[in-house]
Amino acid sequence: MKMENINLFFFVIVKNITSFFGRIQLTKDSLSEITGLLPVIGYGMVIMSFIDFAYVIFPLQLQNPEWEINTITALTNNFWAFLIGLGFIFSRYFSDHEYDTRLLEVVFLRVMRWIILLMGIVILLFAPLVMLNTDRILKVVNNRIVEEQNNSLEQIAKVEQVLASNVSSEEIQLLARNINVSPEDLKLPTPQLKEKIQQNLMVAKQKIPQEAKQAQRQQKINRWKNSSRTVIGLMIIGLTCIIVWLKIGQAHI
């Protein structure tokens, strides 16, 4: 009797678990009510997308390559929410919701179709603009790096000129501290300290051009990496917009 109760207990547990994870049959009306929420969510996403677009675009800073690239990248990242929202809105035109479609929504769809095409064309035109601006920014960054390199080399040349003249021990000590000579080297006699300063300057003169080239190389990699991602995103979004335009046209709404 006790064994039967245990078996019955486990049987009930297994049955309940099976029922919990099992399939249920929903009525057509229930599914229609659930999917009817999609257009509501879609309108909210589209409205918020336009607000985000305005927030990103304004205030305008045209002819500023850095701003243009950052703005296009931000628009690319936010555009998917806009497309998903449109997809939710278009779900209202499925056969299950034909009875709930309003004339205003049909007009909205027809107008939005051409807006989507225009946006797709503009987005595709953004791709060469991103590449052009990336090249412009790299030129500015490289010029800035070269300018910093030249300034550093000029400072080293001035220090070398000072060392070549008759300078006192106190001035040599001051120069050594300015170029961050180690505390141990500061205790060296003046002739040896002077020689140590010259060695450090020689190392710095060799190191500065190498660091400048490395900085230019790293800037080039980072800039083109980010721009390539943006260009690929623009191409995908632009083609998606054109395909959506074609599909809506085929629906003959």
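The structure displayed is predicted, hence computed values, not measured ones.
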Gap separating the CE atom of M202 from the CD1 atom of I156, nearest 0.5 angstrom: 10.0 Å

Min side-chain heavy-atom separation E160-K205 under 4.5 Å: yes

V203 side chain near Q199 side chain, heavy-atom distance below 4.5 Å: no

Nearest atoms (heavy-atom pairs only) where Q214 meets R217: OE1-NH1, 2.6 Å

Contact summary for G120 and C241, nearest pair of heavy atoms: CA-CB, 3.6 Å

Set of salt bridge (Lys or Arg N to Asp or Glu O under 4.0 Å) partners for K213, sequence neighbours left out: none

Minimum heavy-atom distance I69-S227, with the two atoms named: CD1-OG, 4.5 Å

Side chains of I72 and N133 in contact at under 4.5 Å (non-hydrogen atoms): no

Verdict with reasoning, F88 to V40, per side-chain contact (heavy atoms from CB on, under 4.5 Å): CA-CA 8 Å; F88 286 170; V40 177; over 6 Å; no

Sequence neighbours excluded, every pair satisfying ring-ring contact (aromatic ring centres under 6.0 Å, His included) that has a member inside residues 186-241: none

Distance-minimising heavy-atom pair for I89 and G42: CG1-C, 3.6 Å

pair Q192-K196: side-chain heavy atoms closer than 4.5 Å: no

Qualifying residues under side-chain contact (heavy atoms from CB on, under 4.5 Å), relative to I232, sequence neighbours excluded: I236

L125: side-chain contact (heavy atoms from CB on, under 4.5 Å) partners, not counting sequence neighbours: I121

Flag for T230-T73: side-chain donor and acceptor within less than 3.5 Å: yes

Side-chain ion pair, R136 and E68, N-O less than 4.0 Å: no

pair V162-K158: side-chain heavy atoms closer than 4.5 Å: no

Validation row: E211, K207 side chains within 4.5 angstrom (heavy atoms): yes

Side-chain heavy atoms of V46 within contact of Y43, under 4.5 Å: no

Audit row: F126, V122, side-chain contact (heavy atoms from CB on, under 4.5 Å) steps and yes/no: CA-CA 6 Å; F126 278 160; V122 172; 3.7 Å; yes

Contact list for residues 112-126, test salt bridge (charged side-chain N to carboxylate O under 4.0 Å, His left out), sequence neighbours left out: none

Verdict with reasoning, N77 to R229, per side-chain hydrogen bond (donor to acceptor under 3.5 Å, both in side chains): CA-CA 10 Å; N77 295 335; R229 178 187 178 278; 3.2 Å; yes

Main-chain N/O of L163 paired to K194 side chain as donor or acceptor, under 3.5 Å: yes

Distance-only donor-acceptor pairs under 3.5 Å for side chains of residues 48-63, two or more places apart:
{"from": "S49", "atom 1": "OG", "to": "M45", "atom 2": "O", "distance (Å)": "2.7"}
{"from": "S49", "atom 1": "OG", "to": "F82", "atom 2": "N", "distance (Å)": "3.3"}
{"from": "Q61", "atom 1": "OE1", "to": "N64", "atom 2": "ND2", "distance (Å)": "3.3"}

Basic-acidic side-chain contact under 4.0 Å: E66, R223: yes

Nearest heavy-atom neighbours spanning V231 and A127: CG2-O, 3.9 Å

Side chain proximity check, M131 to D135, heavy atoms < 4.5 angstrom: no

For the student: nearest non-hydrogen atoms of I123 and L234, plus distance: CG2-O, 3.3 Å

R144 and V141: CA distance, side-chain angles, deciding distance, side-chain contact (heavy atoms from CB on, under 4.5 Å) verdict: CA-CA 5 Å; R144 188 184 305 130; V141 171; 4.1 Å; yes

Full working for side-chain contact (heavy atoms from CB on, under 4.5 Å) between E148 and I208: CA-CA 9 Å; E148 292 175 356; I208 288 173; over 6 Å; no

